[in-house]
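Since the structure is predicted, the reported quantities are computational estimates derived from the model, not experimental observations.
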Amino acid sequence: MKVIAAYLLAVLGGNISPSAENLKDILGSVGAEVDDDKIELLLSEVKGKDITELIASGREKLASVPSGGGGAVAVAATGGSGRAAAAPAAAEPKKEEKVEEKEESDVDMGFSLFD
């Protein structure tokens, strides 16, 4: 991840096609460990590609990743026969009870902190 961050920093800094040395300089400036294999892998994957297109493609892929709540977990945990019964129960939102805590006043304690 730090190699990708260094690449993006170089591009944001105006270097359209950062080299391995550019990435090593960026990583070295913050004291990060440099992994030549990861740098070469990243550079080979992005060679000849536009960074804005790569980011747009990544966003499309992330949009298809499910990021829902616990409803799917409850359905999966019930097993084969309970799926039909668990699905409606999971669809209903839980009602949260609001419990208001009363603030303790100085009068109740018999003394004041600032007296």
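Hydrophobic cluster membership differs between L9 and I39, with clusters built from Ile, Leu, Val, Met, Phe, Trp and Tyr side chains linked at under 4.5 angstrom. Under a hydrophobic-cluster definition in which Ile, Leu, Val, Met, Phe, Trp and Tyr are linked whenever side-chain heavy atoms come within less than 4.5 Å, directly or via other members, V34 and I4 are assigned to the same cluster. Residues I55 and V11 are members of one and the same hydrophobic cluster, defined by side-chain heavy-atom contacts under 4.5 angstrom among Ile, Leu, Val, Met, Phe, Trp and Tyr.
Among all heavy-atom pairs drawn from I26 and A6, the shortest one is CD1-O, 3.4 Å. Smallest separation of non-hydrogen atoms from L27 and K2: CD2-O, 3.6 Å. The minimum heavy-atom distance between Y7 and I51, with the atom names listed, is CE2-CD1, 3.8 Å. The minimum heavy-atom distance between P18 and L43, with the atom names listed, is O-CD2, 3.5 Å.
For the atom pair D35 CG and L42 CG, the distance stands at 11.5 Å (nearest 0.5 Å). Note that the CD atom of E40 and the CD atom of E45 stand 12.0 Å from one another [nearest 0.5 Å].
Summarising the local packing, CD1 of I16 is surrounded by 12 or fewer heavy atoms from other residues, nucleotides or ligands at distances under 6.0 Å.
Remark: side-chain polar atoms of K61 are not paired, donor with acceptor, to backbone N or O of S57 under 3.5 angstrom. Between the side chain of N22 and the backbone N or O of S19 there is at least one donor-acceptor pair closer than 3.5 Å.
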